[in-house]
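Taking it in order: structure first as structure tokens, then the write-up.
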Amino acid sequence: MWQHFTIAGSGLYLPRQALSAEDVDGRAGLESGWTRAHTGVLKRHECSGPETLASMAQAAMSAALQDADASWSDVDLLLDASTTRHQPIPCNAAVLQSWVGAAAHGIACMDVQGTCLGFILALHVANALLASGAYRNILIVCAEAPLMGVDWNQPESACLMGDGAAAVLVRRAAPSPTFFFAHETFGQYLDACQIPAGGHRVPPNRFSPETEAQFRFHMDGSQLLRAAYKHLPVMTQALLSDAGTSAEDMHVIPHQAAPKALALVRRLLGFHAERFHDRSAEMGNLVAAGIPAVLHLCRGERLVNVGDTVLLLGTSAGYAQAGLVFRL
């Protein structure tokens, strides 16, 4: 497969309010030290007033444009890959455009939704759109506020989450044979990770104190780990084989699911610790924003540089998995 883009700029925004593991213990009614011991997430940020999902996204997008030395007049497509929604309709990207104002009027807007895999899928879509010649610069944004939707009666998942936004500007470039992609979905695990209510199946007008739990995030961590243990190595090995590379030859930016889960994945797949970039302990699980957030940090800290081969790898709700190899 051919890569038709370069990373022109990136940006990250984390809310002002920081929560320690002990703060989360108190919120969940747990003994102090539980979150630190059971999840390994030491710190995360929470979006609270006057900050909003849109204001976080706008800050991340502005930072990405500044990093790329670009302006809104350079952007041909605004592609939102978030899980968290501003409102049911219009699409997230259109809501963000309205927040930006006149500078963004007329820019094409669309969403790509893949829960925690959102950024990987959006980058795959952007690569194809740039290959078509229809666009020159695509701004991908992921803004997430999962803390609002967790079920504190399920601390195994609730105590993992964090809020934040990240954005990446991809620019059309001369094609090179450096792009490899894999994506698989296993519907039999649908119940392992979901929010059952809020859509047509259980519409919002059925919300009540008795049904509230159905409108919150549910995750069976042990079932998801078993699914990943079974399926992820097979897909990853096939992807690396297609790319003609090995685990030792690349930087890996995984979905920032949880510190303990990432340590298991790294050992299972044989990635070197110094090239496996895990920031989940300091940010929590940012859902779709986690991968572009870490990509931004790695670029800024010169941990990954132009010409390096990067593997983006992750899993998502229900159970799906994807990997994308590209040249930075």
Side-chain angles (χ1 to χ4, degrees), residues 10-15 19 24 39 41 43-48 51-57 59-61 79-86 91-93 95-96 111-123 140-152 154 156-168 183 185 192-196 198-199 215-221 224 228 253-259 261-262 265 277-297 312-322 324:
S10 59
L12 170 64
Y13 181 80
L14 297 174
L19 299 177
V24 172
T39 73
V41 179
K43 178 183 176 183
R44 85 289 318 282
H45 297 257
E46 182 175 32
C47 179
S48 59
E51 293 177 316
T52 66
L53 200 64
S55 68
M56 291 197 302
M61 293 188 298
L79 186 55
D80 189 296
S82 311
T83 302
T84 311
R85 300 201 60 78
H86 305 278
C91 69
N92 270 356
V95 174
L96 295 181
D111 292 354
V112 172
Q113 212 276 17
T115 61
C116 299
L117 292 174
F119 181 75
I120 296 179
L121 303 185
L123 191 57
I140 303 171
V141 61
C142 302
E144 303 284 18
L147 280 169
M148 184 177 289
V150 300
D151 186 342
W152 292 107
Q154 296 188 356
E156 294 83 1
S157 60
C159 296
L160 295 173
M161 298 300 177
D163 298 346
V168 173
H183 181 207
T185 302
C193 188
Q194 63 172 333
I195 298 176
F215 289 82
R216 294 191 175 276
F217 178 66
H218 294 261
M219 184 180 78
D220 184 336
L224 290 175
I253 300 178
H255 163 49
Q256 304 293 293
L262 288 178
V265 167
H277 302 286
D278 173 12
R279 302 296 181 90
S280 57
E282 61 197 70
M283 294 189 300
N285 185 332
L286 296 183
V287 198
I291 287 177
V294 176
L295 175 61
H296 170 76
L297 292 172
L312 309 180
L313 184 68
T315 62
S316 68
Y319 181 78
Q321 56 187 26
L324 192 158

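Note that the coordinates shown come from a computational prediction; the quantities given were computed from them, not determined experimentally.
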field: Minimum side-chain heavy-atom gap Pro146-Asp163 below 4.5 Å
entry: yes
One should read off an interatomic distance between Leu262 CG and Asp278 CG, to the nearest 0.5 angstrom, of 4.5 Å
Discussion item. Any heavy-atom pair between the side chains of Leu19 and Lys43 that's under 4.5 Å?
Written reply: no
Distance col, row Leu12:CG vs Cys142:SG, nearest 0.5 angstrom, shows 11.5 Å
Rounding to 0.5 Å, atoms CG (Leu312) and CG (Leu295) come to a distance of 7.0 Å
**OP:** Please test Val24 against Arg44 for side chain to side chain contact (heavy atoms under 4.5 Å, CB included), starting from the C-alpha separation and ending with a verdict.
**Re:** CA-CA 9 Å; Val24 172; Arg44 85 289 318 282; 3.6 Å; yes
CD1 (Ile140) and CZ (Phe119) are apart, to the nearest 0.5 Å, by 5.0 Å
Paired with Gln256, the side-chain contact (heavy atoms from CB on, under 4.5 Å) test is passed by just one of Val294, Leu286, Asn285, namely Val294
- Message: Quick check against the 3.5 Å criterion: does Asp151 have a side-chain atom that pairs as donor or acceptor with the backbone of Arg216?
- Response: no
Spell out, as yes or no, whether a donor-acceptor pair under 3.5 Å connects the side chain of His45 to the backbone of Pro15.
yes
Between Ser10 and His296, the two heavy atoms sitting closest are OG-ND1, 2.9 Å
Exercise for the section: Mark yes or no for whether Ser82, through its side chain, and Ala143, through its backbone, hold a donor-acceptor pair below 3.5 Å. Expected result: yes
Answer whether the closest heavy-atom distance between the side chains of Tyr319 and Thr185 falls below 4.5 Å. no
### Task
Given side chain to side chain contact (heavy atoms under 4.5 Å, CB included), test Phe217 with Cys193 step by step and report yes or no.
CA-CA 8 Å; Phe217 178 66; Cys193 188; 3.6 Å; yes
Does the side chain of Leu14 come within less than 4.5 Å of Met283's, by heavy atoms? yes
| Are His218 and Gln154 close enough that some pair of their side-chain heavy atoms sits under 4.5 Å apart? | yes
> What do the steps show when you test Trp152 against Leu147 for side chain to side chain contact (heavy atoms under 4.5 Å, CB included), and what is the final call?
Replying inline: CA-CA 10 Å; Trp152 292 107; Leu147 280 169; 4.2 Å; yes
Residues Leu117 and Ser316: closest non-hydrogen pair is CD1-OG, 3.4 Å
For Gly164 and Ala289 the tightest heavy-atom approach is O-CB, 3.9 Å
The reported gap from CG in Leu96 to CG in Leu79 (rounded to nearest 0.5 angstrom) is 11.0 Å
- Any side-chain heavy atom of Ser157 sitting closer than 4.5 Å to one from Val150? no
Margin query: Evaluate Val112 against Asp80 for side chain to side chain contact (heavy atoms under 4.5 Å, CB included), listing each step before the verdict.
Written below: CA-CA 6 Å; Val112 172; Asp80 189 296; over 6 Å; no
Scanning both residues in full, the closest heavy-atom pair of Ala57 with Val141 reads CB-CG2, 4.0 Å
Item to check | Minimum side-chain heavy-atom gap Ile120-Leu123 below 4.5 Å | outcome: no
Here the pair of heavy atoms bringing Leu224 nearest to Ala192 is CD2-CB, 3.7 Å
When rounded to the nearest 0.5 Å, the distance separating CZ of Arg85 from OG1 of Thr83 is 10.0 Å
Exercise. May I ask you to decide if Thr115's main-chain N or O and Gln113's side chain share a donor-acceptor pair within less than 3.5 Å?
Key: yes
_Assess, by modelled atom type and distance only, whether the side chains of Glu144 and Thr84 contain a donor and an acceptor separated by less than 3.5 Å._
yes
* Asked: For Cys91, does its backbone N or O pair with a side-chain atom of Asp111 as donor and acceptor, under 3.5 Å?
  -> no
For Leu297 and Arg279, the nearest pair of non-hydrogen atoms, with its separation, is CD1-NH1, 3.5 Å
